[in-house]
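First comes the structure, then the notes that go with it.
First listed ligand is number 1; within each ligand, the first listed atom is number 1.
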Amino acid sequence: PAATTHGRTSPMTKTFTLDGKTIPFEEGETIMEAASAAGVYIPHLCHHPEFKPHGSCKLCTVNIGGRLGAACTNQAAEGMKVESETAALNADRLALTQMLFVEGNHVCPSCEKSGNCQLQAVAYHLGMLTPHFPHFYPARDIDASHPDVMLERNRCILCELCVRASRDVDGKNVFGIGGRGIRARLIVNSASGRLADTSLSVTDRAAEVCPTGAIVRKRHGFTIPIGKRLYDHHDIAEVPVAGMERPKK
Ligand code: SF4
Ligand code: FES
């Protein structure tokens, strides 16, 4: 059938179905990319359209013709039948999100990112009412050493977007992941391990890509008041990536 969404109207356009809806795609696109282009939301956290897929949060897991796979890393294929909005998949997504909340120390009411935070917004989208699991209360360091950027590891979900942004866009490699499993932590690549001793600039992509409040600009807190922020008025399905204003260079 001729595809009709997102300007891909050629009768030759390849398509697959997502929850019964016909989704056109270009060769090489992932299921996530094609769905986003067609305006269909698949919950995600470690995916960002500007960066290479990472496939770690598993929130975007979909049923691809009977097997489970990440929508952000699996390529679309002609005739493929994909299911995303099923009760079972959304229950798994809710459990994964609840685990993220108990693995870190997320105190939304006191967080500057509240209302612009993708973790919080995904939780609302999935109908999360409680964390459900026991809190781990891990001890995580805060790094306030940098003059312009704050690193609050308690809010980090290890999506590695800052790692990818610093390495692939800024060309600086400021961030990395150290440790494994529950001991995994965001680390700063300087001899002292402090952010102040890196070349990170507040205008770097890495300084404003964080989907949570783990990396925030100093002295910009509450510029937009709580209640007037993106996800205060929109479900994350309508605006998947918070349009954080970039600082002027
Ligand atoms: Fe992701 Fe933010 Fe943690 Fe970096 S600091 S890994 S962008 S949650
Ligand atoms: Fe696909 Fe995280 S968005 S695994």
Side-chain angles (χ1 to χ4, degrees), residues 18 29-36 40-64 68-76 82 84 89-90 92-93 95-97 99-101 103-106 108 111-113 116-123 125-126 138 140-144 146 149-170 172-179 184-189 193 195 198 200 204-217 236-237 240-242 244:
L18 176 56
E29 274 184 339
T30 61
I31 295 169
M32 178 71 80
E33 287 167 336
S36 301
V40 179
Y41 175 69
I42 299 174
H44 59 267
L45 281 170
C46 70
H47 165 77
H48 188 293
E50 288 174 41
F51 300 99
K52 281 187 203 143
H54 192 239
S56 59
C57 76
K58 303 301 178 204
L59 217 67
C60 72
T61 299
V62 289
N63 188 318
I64 308 165
L68 297 179
C72 69
T73 54
N74 278 272
Q75 288 195 354
V82 182
S84 176
L89 286 170
N90 277 330
D92 289 346
R93 288 173 182 143
L96 285 170
T97 305
M99 285 180 208
L100 287 173
F101 270 90
E103 277 172 13
N105 299 304
H106 299 276
C108 299
C111 180
E112 146 57 16
K113 199 72 176 276
N116 278 331
C117 170
Q118 290 175 48
L119 176 66
Q120 183 191 45
V122 160
H125 175 80
L126 295 169
R140 294 196 187 172
D141 294 334
I142 298 172
D143 185 338
H146 193 282
V149 178
M150 177 87 169
L151 173 56
E152 219 306 13
R153 289 186 178 84
N154 289 294
R155 305 168 184 162
C156 177
I157 56 170
L158 301 173
C159 68
E160 295 196 30
L161 274 168
C162 59
V163 178
R164 285 176 273 169
S166 185
R167 184 190 60 214
D168 302 340
V169 179
D170 306 327
K172 294 187 178 177
N173 216 18
V174 166
F175 298 104
I177 302 292
R185 293 285 184 277
L186 186 72
I187 56 167
V188 169
N189 291 320
L195 213 47
T198 69
L200 180 77
D204 286 355
R205 192 74 179 96
E208 47 96 49
V209 75
C210 182
T212 74
I215 299 177
V216 291
R217 279 189 284 155
I236 193 168
V241 179
M244 300 300 292

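Of the options Q118, E160, H48, R164, the smallest heavy-atom separation from atom 6 (S) of ligand 1 is shown by E160. Remark: among candidates L100, I157, L186, the nearest residue to atom 8 (S) of ligand 1 is I157, based on non-hydrogen atoms.
Of all atoms in ligand 2, numbered sequentially from 1 with element shown, those under 4.0 Å from a heavy atom of S56 are 4 (S). Taking every heavy atom of H47 and a limit of under 4.0 angstrom, the matching atoms of ligand 2 come to 3 (S).
The CD atom of E208 sits 7.5 Å away from atom CZ of R217, with the distance rounded to the nearest 0.5 Å.
In this structure, atom 4 (S) of ligand 2 lies nearest to the protein heavy atom K58 N, 3.2 Å. Scanning the protein heavy atoms around atom 3 (S) of ligand 2, the nearest turns out to be H44 CB, 3.3 Å. Ranking the protein heavy atoms by distance from atom 2 (Fe) of ligand 1 puts C210 SG, 2.3 Å first. Protein heavy atom closest to atom 1 (Fe) of ligand 1, with residue, atom name and distance, is C159 SG, 2.3 Å. When hydrogens are left out, the protein atom nearest atom 3 (Fe) of ligand 1 is C156 SG, 2.3 Å; that is the closest non-hydrogen contact. The protein atom (non-hydrogen) at minimum distance from atom 4 (Fe) of ligand 1 is C162 SG, 2.3 Å.
Under 4.0 Å from ligand 2, not a single heavy atom of A71 appears. The proximity of R153 to ligand 1, defined as any non-hydrogen pair under 4.0 Å, does not occur for either the backbone or the side chain. Neither the backbone nor the side chain of H54 has a heavy atom within less than 4.0 Å of ligand 2.
Not a single heavy atom of V209 sits closer than 4.0 Å to an atom of ligand 1.
R205 and E50 are joined by a salt bridge, as a carboxylate oxygen and a charged side-chain nitrogen come within less than 4.0 angstrom of each other.
Rounding to the nearest 10°, we obtain 110° for the angle at atom 1 (Fe) of ligand 2 between C60 SG and C72 SG.
Ring-centre distance between H54 and F51: not below the 6.0 Å cut-off.
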